[in-house]
Number of protein chains: 2
Amino acid sequence: MRAAATTPFAILGMLRMAPKSGYALRRALADAAGQFWGESYGQIYPALRSLARRGWARRRTERSTGARRDGERAGRRVRHVYEITPKGEEALTRWLAEPPRIAPPRHELLLKIYLGDRDTVDAPAAWVRRLLLDETNRLRHVRRMKEALPRGTHAHRSLRHWLMALDFVDRQSEAAIAWCQRSMATLDLMQEAAARRRTAAQRRTPME
Amino acid sequence: MRAAATTPFAILGMLRMAPKSGYALRRALADAAGQFWGESYGQIYPALRSLARRGWARRRTERSTGARRDGERAGRRVRHVYEITPKGEEALTRWLAEPPRIAPPRHELLLKIYLGDRDTVDAPAAWVRRLLLDETNRLRHVRRMKEALPRGTHAHRSLRHWLMALDFVDRQSEAAIAWCQRSMATLDLMQEAAARRRTAAQRRTPME
DNA sequence: CCATACATGTAAAGGGTTACATGATTAA
DNA sequence: TTAATCATGTAACCCTTTACATGTATGG
């Protein structure tokens, strides 16, 4: 049996909270779930149309009211707002009951570190430094979200779910940071060892 | 610019350690790097042929010597052993110097938890229990690997790289386990709350 | 003799990323 | 007026998974 796409259900899940346009959808998804689920426009727009075809979402076209240069009443800009249908809600509920698929691990940084040789550790060291930075920022971001959440003006319909997911990211991030710090020390040692080996080799076969 | 496939380089990296057949390759990859990099046969065989076409690997056909029923000298089973070429080594070195790509996060369990509603927490609870089991096993496995590594008969050419990668997995696993334990408690509370809500609703509109 | 591991592949189908393309609105 | 943000999409290309298909060698 072929694995069903999860993108349409991620979209349905967001639409269930409130109707949205494709653009707003991506923003909402990135803001709320971006730390554990990423989608690009290239998936969202086709998926929305396919949801509409399947009768799981309804499309409503709106016109902008905004600043007019000319004398027109309505704006020229169109916005396609999608809302979930009862059939869509059923499909979403069914999907939510199925066990999540676990993706095979794909960590290119670790692969490169594993496959790399001991004489070229400068590049890996830079990558780890970069990861440390990214994860530190991510952790700060997630912590801010967790704090802001309970006091937010429009409290989320299922706050505890969200906190639970964010907590996972928080812990993963913490672990990654600790690993980066330890690994940077190891890489430093390896760098020094490589330098010593180079010096020794040079002494044996001196330049010019 | 389109992202280059990483699969051929993962293969080249393994071939650089020693020539291997497709089957042996998958095993070696799964054994050594399976915790952070997974490949399936469906990718490996086509990738090997493409590597041979590009001149990055050479294919050698071997015949089995094994148990013979009939009178034949050589076995009937063919084995295609691939070895890396100098051109392949260059390509691998170039690839290893490039910064690793970071995949957009895709954690279906977290997405389902986030999108789920507060009255159906039984399924998520089961998934988290399952994850706890899996991660506990994974951690045990990784710890055993880390311990066995330095004392291994054929010590790996770059042991520290491997340990570093495994250490990442170790820490991620630990974090996941802690999260599972905490989340199971939360889900229990939510389950009870849902049960209370159901009872209250039943009291208002009693059955029969 | 039977189960398990060894061994090599193909084909279909779908998922997903990335680059390209275009324009409107709004705040500074 | 300029930059940023809002907004909607297409197309190509590639990766990847999954199912299918077939048979050998070996140990118990």
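Please read all numbers here as calculations on a predicted model, not as lab measurements.
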Q) Taking atom P of D:dT16 as reference, at what distance in whole Å does atom CD1 of B:I11 sit? A) 11 Å

Q | B:E135/B:R138 ion pair, N-O < 4.0 Å | A | yes

Q. Got a sec, which pairs hit side-chain hydrogen bond (donor to acceptor under 3.5 Å, both in side chains) with one end in residues 85-94 of chain A, sequence neighbours left out?
A. none

Q: Mind calculating the distance between CZ (A:R63) and P (D:dA7) to the nearest angstrom?
A: 14 Å

(Q) Counting only side-chain heavy atoms from C-beta out, which of C:dG16, C:dG9, C:dT18 sits nearest to A:A5? (A) C:dG16

Q | First of B:P46 and B:P104 reached from the 5' end of DNA chain C, by closest nucleotide | A | B:P46

Q. Could you give the CG-to-P distance, from A:L48 to C:dG16, as a whole number of Å?
A. 15 Å

Q.
So, OP1 or OP2 of D:dT17: does either fall under 4.0 Å of a side-chain N or O from B:Q43?
A. yes

Q | salt bridge (Lys or Arg N to Asp or Glu O under 4.0 Å) pairs, two or more places apart, involving residues 21-42 of chain A | A | A:E39-B:R106

(Q) Output the rounded distance in Å from OH (A:Y82) to C1' (D:dG9). (A) 10 Å

Q. Over how many whole Å does the gap from A:F9 atom CZ to C:dG15 atom P extend?
A. 10 Å

(Q) If the cut-off is 4.0 Å, is B:S40 near the phosphate of D:dT17, judged by side-chain N/O to OP1 or OP2? (A) yes

Q.
Using whole Å, what does the distance between atom P of nucleotide C:dG15 and atom CG of A:L51 come to?
A. 12 Å

**Q.** Between D:dT5 (C1') and A:D31 (CG): distance, integer Å
**A.** 14 Å

Q.
Less than 4.0 angstrom between a side-chain N/O of A:R101 and OP1 or OP2 of D:dT17, yes or no?
A. no

Q. With sugar-phosphate meaning primed atoms plus P, OP1 and OP2, does B:R26 contact a base, only sugar-phosphate, or nothing at under 4.0 Å between heavy atoms?
A. nothing

Q) Is A:R130 paired with A:D134 through a side-chain N to carboxylate O contact shorter than 4.0 Å? A) yes

Q: Starting at atom CZ of A:R60, determine the distance to atom P of D:dT8, rounded to an integer number of angstrom.
A: 13 Å

Dump the pairs, protein N or O against N or O of nucleotides 6-8 of chain C, anything under 3.5 Å, distances to one decimal.
from  : atom 1 : to    : atom 2 : distance (Å)
C:dC6 : OP2    : B:Y23 : OH     : 3.1
C:dC6 : OP2    : B:R27 : NE     : 3.3
C:dC6 : O3'    : B:R77 : NH2    : 3.3
C:dC6 : O2     : B:R77 : NH2    : 3.3
C:dT8 : OP1    : B:H80 : N      : 2.8
C:dT8 : OP2    : B:Y23 : N      : 3.1
C:dT8 : OP2    : B:Y45 : OH     : 3.3

(Q) Looking at A:T7, I'd like to know whether one of its side-chain N or O atoms comes within less than 4.0 Å of OP1 or OP2 on C:dG15. (A) no

Q: Could you list the residues that satisfy side-chain contact (heavy atoms from CB on, under 4.5 Å) with A:Y45, not counting sequence neighbours?
A: A:Y23, A:Y41, A:R49

Q | Pairing residues for A:R160 by the salt bridge (charged side-chain N to carboxylate O under 4.0 Å, His left out) criterion, not counting sequence neighbours | A | none

**Q.** salt bridge (Lys or Arg N to Asp or Glu O under 4.0 Å) contacts in which one or both residues fall within residues 168-181 of chain B, not counting sequence neighbours
**A.** B:R143-B:D170, B:R143-B:E174, B:K146-B:D170, B:D167-B:R171

